[in-house]
Amino acid sequence: MHEHHTPAPIGVTVDGKPIYPYTPAPPPVAACQHAPAPAPAPVGRPAPEVVKWLAIGGGASIFLLTVAVAAVAVAIGAVAVTVCLLVLRSLWQQMQQAEKD
C-alpha cells in the first residue's frame, strides 16, 4: 500500500505557518474526449466508403448509358415514322390525282 508522507518544513513564515520545500505537482491527466480512430482496412481490401462510392458510380454510369441508348432509339423511331408518313402522303396524293384523271 502506498504511504503518503509530508516533507519536513524548512522554515516558518512571519505569521507562524510552516514553509515546505517546493515539490512540483504532477501534470493533470485529462480524460480522453475524442472518439477512437477507426481501424484501418486490411491490406488488399478497399475501405467500405470506397466500395460504396464505386458502386454508386457504376450504377449511375449504367443508368445514364441506358438513358442515352433509349434516346437514340426514340430518335431513330421518330425519323422512321416521319419518313413513313411522307411516303404515305405522297402515295395518297398520287391516288387522288389518278382518280381525277
Thr13: partners by side-chain hydrogen bond (donor to acceptor under 3.5 Å, both in side chains), with sequence neighbours left out: Asp15
Enumerate donor-acceptor pairs with a distance under 3.5 Å from any side-chain N or O in residues 58-76 to protein atoms, sequence neighbours excluded.
unit_1	atom_1	unit_2	atom_2	d
Ser61	OG	Gly57	O	3.2
Ser61	OG	Gly58	O	2.9
Thr66	OG1	Ile62	O	2.9

With sequence neighbours excluded, residues passing side-chain contact (heavy atoms from CB on, under 4.5 Å) with Pro21: Pro7, Ile10
Gln94: side-chain contact (heavy atoms from CB on, under 4.5 Å) partners, not counting sequence neighbours: Ser90, Leu91
Could you identify which residues cluster with Leu85, counting Ile, Leu, Val, Met, Phe, Trp and Tyr as linked when any side-chain heavy atoms lie under 4.5 Å apart, either directly or through a chain of such contacts? Val81
Output side-chain donor-acceptor pairs under 3.5 Å for residues 46-55, partner residues at least two apart or in another chain, one line each.
none

Partner set under side-chain contact (heavy atoms from CB on, under 4.5 Å) for Gln96, not counting sequence neighbours: Trp92, Glu99
